[in-house]
Every structure is written in structure tokens, then in C-alpha cells.
Amino acid sequence: MGYEVEYRRSITDPEGFWREAAEDIEWFDAPAEILGTDENGNHRWYRGGKLNTAYLALDRHCKLGRGDDVAVIYDSPVTDTKERFTFAEMRDRVARFAGALRGLGVDKGDRVVIYMPMVPETVVAMLACARIGAVHSVVFGGFSPHELAVRIDDAQPKALVTASCGIELDRVIPYKPIIDKALAQSAHPPGNVVVLQRPQAEAEMQSGRDHWWDDLMAGAEPVDPVPVDATDPLYILYTSGTTGKPKGVVRDNGGHAVAMNYSMRTVYDAHPGEVFWAASDVGWVVGHSYIVYAPLIRGCTTVVFEGKPVKTPDAGTFWRIIAEHDVRTFFTAPTAFRAIKKEDPEAKHLERYDISGLRNLFVAGERLDPPTYEWLHEHLHCPVIDHWWQTETGWPIVANPVGLERFPVKSGSATFPVPGYQMEIMGDDAQALPRGQSGNIAIRLPLPPGCLPTLWNDNARFRSSYMETYPGYYFTGDGGHIDEDGYVFIMGRVDDVINVAGHRLSTGGMEEVVGSHPAVAECAVVGMPDELKGQLPVGFVVLKDGADIEPAQLERELINSVREEVGAVAAFKRVLVVDRLPKTRSGKILRKTIRGLATQQEVPVPATIDDPAIMDEIRDALRERWGGPEGAS
Ligand code: COA
Ligand code: AMP
């Protein structure tokens with residue numbers, strides 16, 4: 001069926017459309033209702049349905065005779081390891097680890113925090129939670145003990161699963177001290193910590209609380225998948241909002257499984273038995289959806305890659321993996337290709353590998369900038385597809401839906417809305433704008449299956465962040481426009497969220513750290529363009545009267561504090577001391593104006609600004625330090 005018919009049906013008859021899509025997965029009990037609302041007035045899909053996501057990812061394929069097919073390829077240039085695990089092997093490991101969790105008292109509905117590197121055991125831990133109906137919350141390894149503690153306190157897990165270390169290029173990062181520090185800071189530390197001992201670092205254990213992964217596995221009884229309700233949570237994934245407190249995006253089981261399966265067929269055109277590789281990290285939504293759940297539910301082989309696009313060992317790693325494992329569909333962030341292009345501008349490494357089996361390359365996480373698109377287009381034979389989505393939706397909102405129909409690419413556009421998503425561009429007066437005009441992007445309710453039904457423990461924030469800006473719509477936090485041909489152009493966040501190397505970060509969280517320095521009177525952290533990482537945070541700082549500190553010293557101290565409190569992943573490396581910040585007459589810092597000054601030359605003077613001359617002061621300070629906004633790259 002072509003895109004137009006499919007899309008229209010998804011909008012005019014969402015219940016019929018998603019009823020049919022639900023028939024493509026196996027239910028223990030079919031849903032009694034396709035779409036309804038819960039006690040909070042939030043839409044819920046497939047109530048009454050019973051299923052198990054880990055069963056769909058593994059057991060079902062074994063039942064269908066594919067137990068000996070490869071489910072997971074682990075390729076780790078940083079440890080020089082390559083391993084393959086069949087669906088049956090993964091099922092057995094998951095069943096056993098599920099038993100181990102049970103043995104620690106983890107039951108249906110209990111939370112388990114996972115702080116792990118890119119190793120197959122991470123996938124095992126996630127699916128083991130799903131198998132017993134426990135709710136995992138994976139925290140990205142680049143986050144600090146403080147950020148981990150914040151997430152632990154919100155989720156209040158029964159257990160935490162970790163490894164003795166992660167490996168960043170050639171650096172071994174011991175994880176256990178991070179865990180111990182986070183648990184010491186936490187008000188709700190879990191009673192059990194499971195540690196995967198890796199040969200690169202020895203973990204120190206606390207008796208009574210800490211358990212070795214291998215010991216637990218050796219003594220555990222495998223458990224069968226537990227039927228859960230379609231609306232039961234599968235996981236919580238914390239993501240950056242506009243304040244320092246992360247948002248716990250909740251994903252349910254039923255809608256998620258249907259959406260994962262549907263997207264693999266229609267957006268990615270990926271078929272059972274093929275190798276699907278998303279080079280991301282399980283700590284991000286891309287990792288949840290397209291390293292773990294979607295490929296396995298669809299019966300594809302997924303690749304768990306522990307390395308970087310460059311330096312592990314060189315800028316040809318991606319091409320090697322695609323050739324060696326016969327990857328059909330590849331997905332990563334544009335920043336990864338900017339890193340490759342910087343090291344290997346002529347794509348010489350590509351000549352060493354045969355990647356002719358690659359059918360499609362998908363990119364997301366940030367806008368696919370035209371120079372990167374042109375470079376890819378020049379060097380790869382396969383289509384390069386930009387697509388747009390968010391942690392909140394869990395799967396693409398706008399894409400070139402090549403499984404349905406392949407459309408010509410327009411550089412800078414992510415193409416068309418995916419079936420299930422009805423978009424409007426909103427103007428300042430909350431009215432939908434005509435084609436061609438830029439505004440805030442909103443999605444008409446109901447959101448399709450798979451999207452967040454609420455925020456963990458905070459439905460009020462769910463409503464205020466997403467549902468109240470434009471009644472009847474979900475507010476995405478992104479701006480953009482739709483052109484006369486219906487192509488959607490995403491221009492980036494309209495709030496205080498930034499994207500650094502495809503990682504979503506809150507400037508509010510960094511401002512909390514910077515603002516707590518004893519010499520700082522006030523501050524604003526905004527994103528500045530960066531050639532490699534897309535954006536990098538920069539702190540604009542006003543000193544307290546009489547503060548006696550050299551700017552260079554202050555910069556060093558602030559960089560260390562943000563690294564310590566938020567994590568290395570924030571890449572906070574720039575501080576600019578200024579005399580004052582642009583403010584409204586009532587004293588509110590005009591962050592949007594500062595954002596504009598940091599990213600472009602022309603910024604409108606806000607009607608509410610106290611003193612327009614400050615804008616020139618900021619421009620001059622930027623120019624003096626970095627030779628203008630782009631000079632910092
Ligand atoms: N554990 C511990 N530290 C981590 C970490 C982890 N899992 N991941 C990142 N870090 C650290 C890095 O070591 C680095 O520390 P440093 O400042 O001491 O060098 C810092 O966090 C920033 O890491 P990163 O953003 O990865 O930058 P980089 O300079 O090491 O690499 C890229 C740049 C572009 C190669 C890399 O960011 C990349 O491959 N990005 C792909 C994007 C991606 O996967 N996005 C997910 C959505 S698709
Ligand atoms: P995350 O929740 O980490 O997936 O980040 C989501 C945000 O990344 C979105 O709100 C966008 O700002 C940005 N983003 C993701 N994909 C794209 C894309 N294809 N084009 C532009 N921005 C994107």
C-alpha cells in the first residue's frame with residue numbers, strides 16, 4: 001500500500017488502523033479496547049491486552065523455528081572482541097537473569113536501574129526485566145554520580161545492575177566508584193547491586209548488597225515470561241527537560257511493541273533475518289528502540305557496538321562493521337559522520353570495505369546538516385535518510401517511509417509525517433499556520449501507540465510540559481515548517497534543551513551547577529554552534545560584586561564542577577564572563593535572546609528588554625573571545 005492511503009487511514013480511522021497493526025504481534029490476550037483514556041484523561045492504547053515484550057523479542061522467534069539464528073552480534077573494537085548470540089542463547093540467558101532478579105526480590109512493577117556499557121549483558125538485563133514485568137530505567141554511562149542519584153531517587157529501584165567499567169577509546173572508566181558515590185547520595189538506594197566483572201577493572205564489592213553477575217547466573221532458575229497488561233510500564237527513560245530535573249518518560253508494553261514492529265516494516269523497510277545496526281548507546285532512546293526492542297521484535301539481528309566512529313581504531317570502523325556483518329540498515333547520528341569526515345575527508349577507509357549490501361542509512365538525533373548530507377551522498381551508494389523523533393515518542397514522527405514508498409529527498413528536510421502523526425505548525429497566537437511559515441511543531445492527539453502516556457510520578461508535569469501549550473495537541477518543543485509540497489523541515493529546539501553530539505542535554509541543569517559557584521551572581525547556559533558536535537554549551541556568567549577570581553580560573557572551576565555534577569557527556573568547556581545579561585524590565589533573563597546571539601548574527605530586539613545596548617555588549621564579548629558565534633568551533 002502506498003504512503004498516501006496508509007497515512008490518511010491512520011488519521012481518519014486511528015482505531016481501525018492500529019487494530020490491524022496490533023494483529024502483527026502475538027498477544028496472550030487480545031486487547032479489549034483499542035484506544036481509551038485513563039483516570040488522568042491521557043490516551044491509552046490496547047487496554048485489556050496481555051503480552052510480554054521479552055517473549056516477542058526472543059521466545060517467539062524460537063517457537064517459530066528461528067532459535068539458531070543470530071539475534072545479537074557484539075562487536076567491541078575497544079576490547080578486541082566479537083561474539084554472536086542466537087535467539088535461543090539470548091532467551092536462555094534472559095530467562096536465567098530474570099530468575100536472578102527474582103531471587104533478589106524483584107517482581108512485576110518493581111524498578112531496576114541499569115548503568116552499563118555497550119555489552120550484550122546490558123541487553124540481557126533489559127529483557128530480563130521485561131520478562132518478569134519489572135520496569136527498567138537505563139542511565140547513560142557518561143552521566144555523573146549526582147545525575148544517577150537523581151534518577152535512582154525518582155525511580156526508587158529494588159536493584160541496580162552495573163559493570164566494573166566502561167571503556168572510552170583507550171581509557172578504562174571504573175563504574176563501581178560512580179555507583180557507590182551515587183548510592184551514598186541517594187535517599188532511596190536499592191538493596192541490591194549486581195556487578196558484571198569485566199577483565200579491564202576490578203570492582204570493589206560491599207558485602208550483603210553487591211552480587212557478582214556470574215555468581216547470580218550460576219545459581220539462578222530460569223523463569224518464563226510473565227503476561228503483563230498492554231498499559232503496564234516496560235521502562236522509564238529519563239530525558240532532559242528545561243529544568244535540571246530530568247523527565248521520566250514512561251513507555252508501556254502494548255503500544256510500544258506494536259509501534260516498534262510497525263516502524264521496522266514501514267519506516268526502515270527491515271525484514272526478519274536481516275542485520276539492523278543502530279550505532280548509538282542503550283542509554284538513549286535510539287538504543288532502547290533500535291538496538292534492543294524493534295530489531296529483535298521484528299526478528300532481525302542487532303549489533304551491539306562498543307566503540308566510537310573514530311579512533312577505535314580508525315575512521316573506517318563503521319564501514320568495517322557494515323561489511324563484516326552484512327548490515328542492511330544502518331542508523332546513527334550525523335555527528336558521527338562529521339567525526340569520520342574530519343579524520344578521513346576523502347573517505348579513503350571506505351575503499352577497504354565492500355558495503356554494497358547496505359540498503360538504507362538513517363540518521364537522527366539532530367538535524368542532518370546539508371554539508372554532511374552532501375558528503376554521505378557523494379561517498380555512499382545508498383539512500384541517506386534523515387528522520388525526526390524524540391525520547392517521548394520512542395519512534396519516528398517524520399521520515400521518508402521507505403518501507404511504504406520512497407520519496408525524493410529534499411536536503412534539510414526529514415520528509416513526511418509518519419502514519420499516526422498529524423502535525424501542525426503553530427503560530428504565536430496558538431493558531432495553525434499555513435504551509436511555508438515557521439512556528440512551533442505540535443502533534444494532534446491522540447499520539448499513536450508507543451508514545452509516552454505520562455511521566456513517571458509526575459502526571460502534572462506531563463500535562464504542563466506537553467499538553468497545555470496547545471490544547472488538543474502534544475507540544476514537541478521543536479520548531480520548523482512544512483513546505484508547499486508537504487515536506488517537513490525541523491529547525492531545532494525552541495526551549496532550553498540542547499543537542500551535543502546527538503546527546504540531549506538540559507542547559508537548566510548546567511545553569512544550576514554554574515549558578516552555585518560562590519563567585520557567580522547570575523548565569524545563562526546556551527548552545528553554540530559547533531562544527532563537530534552540532535552544539536556545545538557555553539556559560540555566560542556575571543560575577544558577584546567584589547568577586548576576586550581570574551576568568552581563566554573561574555572557567556576551570558566551572559568546567560570541573562559541571563563535569564563532576566552533570567557528567568563528561570555535557571562537554572561543558574566554555575565560559576564567558578560578561579558585565580550583565582539581557583533582561584526584561586521585570587528582571588527575567590532573556591535566555592532566548594542570548595541563545596539567538598550565540599547562534600546567529602541577527603536577533604530581533606525583544607520588546608520587553610530593559611536595555612537593548614546589552615545585546616551589543618554580548619556580541620562584542622563573543623567576537624572578542626571567539627571571533628563571532630561560529631569562531632568557537
Ligand atoms: N561512559 C563514560 N564516559 C562517557 C561515555 C560513557 N558511556 N560516553 C561518553 N563519555 C565521555 C567521553 O569520554 C567524553 O569525555 P572527555 O570529555 O573526557 O573526552 C565525553 O563524555 C563526551 O563524549 P562524546 O559526546 O561521546 O564525545 P567524544 O568527543 O568522545 O566523541 C563523537 C564524539 C561524535 C565521536 C561521539 O559523540 C559519537 O560517536 N556520537 C554518536 C552519537 C550518538 O550515538 N548519539 C545517540 C543518538 S543516535
Ligand atoms: P532525543 O529525545 O534525545 O531523541 O532528542 C530529541 C531531539 O533531538 C528533538 O526534539 C530534536 O530537537 C532533535 N532531533 C532528533 N532528530 C532530529 C532530526 N532528524 N532533525 C532535527 N532535529 C532532530
Side-chain angles (χ1 to χ4, degrees), residues 115-118 122 139-144 163 165-175 178 237-241 247 249 278-291 305-312 315 317-318 331-343 362-369 385-400 412-415 441 452 475-480 488-495 497-505 527 530 532-536 559 562-563 566-573:
Y115 189 86
M116 296 275 278
M118 286 293 291
T122 310
V139 179
F140 178 62
F143 279 120
S144 66
C165 64
I167 300 162
E168 282 289 297
L169 302 174
D170 53 359
R171 270 183 306 148
V172 172
I173 315 246
Y175 275 9
I178 298 174
L237 178 55
Y238 289 90
T239 189
S240 301
K247 293 166 164 172
V249 167
S280 177
D281 188 287
V282 282
W284 307 111
V285 69
V286 176
H288 281 63
S289 294
Y290 294 106
I291 295 175
F305 168 63
E306 188 180 28
K308 299 248 173 183
V310 291
K311 299 192 174 77
T312 55
T317 308
F318 277 8
F331 176 176
T332 192
T335 186
F337 291 113
R338 290 197 296 272
I340 294 173
K341 183 175 141 201
K342 198 165 166 220
E343 298 226 340
F362 287 85
V363 288
E366 55 174 334
R367 183 163 171 263
L368 174 59
D369 51 296
I385 299 167
D386 184 13
H387 64 325
W388 170 61
W389 51 298
Q390 312 182 311
T391 305
E392 287 84 346
T393 63
W395 64 292
I397 309 165
V398 175
N400 200 332
S413 168
T415 314
I441 306 175
L452 80 173
F475 174 45
T476 63
D478 277 297
V488 183
F489 291 75
I490 310 297
M491 301 318 288
R493 301 290 305 193
V494 294
D495 57 13
V497 168
I498 58 172
N499 257 286
V500 179
H503 309 320
R504 174 168 159 181
L505 297 162
D530 179 75
L532 175 65
K533 298 198 175 185
Q535 278 185 303
L536 275 180
I559 289 170
V562 174
R563 199 179 168 89
V566 180
V569 68
F572 181 84
K573 296 194 171 150

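Counting convention: from 1, in listed order, for ligands and their atoms alike.
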Identity and distance of the protein heavy atom lying nearest [atom]:
| atom | result |
| --- | --- |
| atom 12 (O) of ligand 2 | Asp478 OD1, 2.6 Å |
| atom 1 (P) of ligand 2 | Thr391 OG1, 3.4 Å |
| atom 5 (O) of ligand 2 | Arg504 CD, 3.5 Å |

Any atom of ligand 2 sitting under 4.0 Å from a heavy atom of Trp284?
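No, Trp284 has no heavy atom closer than 4.0 Å to ligand 2.
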Determine whether any heavy atom of Gly477 lies closer than 4.0 Å to an atom of ligand 2.
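Contact absent.
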For ligand 1, find out whether one of its N or O atoms is nearer than 3.5 Å to an N or O atom of Pro309.
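In fact, backbone or side chain, Pro309 has no N or O that close.
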Under the 4.0 Å line, does any protein heavy atom show up next to atom 32 (C) of ligand 1?
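No, there is none.
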Any non-hydrogen protein atom less than 4.0 Å away from atom 22 (C) of ligand 1
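Flag for atom 22 (C) of ligand 1 set to true, protein heavy atom closer than 4.0 Å.
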When you measure from the heavy atoms of Met118 to every atom of ligand 1, does any distance fall below 4.0 Å?
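Outside the 4.0 Å threshold, so no.
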Contacting atoms of ligand 1, where contact means under 4.0 angstrom from a heavy atom of Arg563:
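By the 4.0 Å cutoff, the relevant atoms are 16 (P), 17 (O), 18 (O).
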Nearest non-hydrogen atom to atom 4 (C) of ligand 1 belongs to which of Glu306, Glu168, His503?
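Among Glu306, Glu168, His503, the closest heavy atom to atom 4 (C) of ligand 1 belongs to Glu168.
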I need the contact type for [X] against ligand 1. Using non-hydrogen atoms and a strict under-4.0 Å cut-off, is it side chain, backbone, both or neither?
| X | answer |
| --- | --- |
| Ala278 | neither |
| Lys573 | side chain |
| Phe337 | neither |

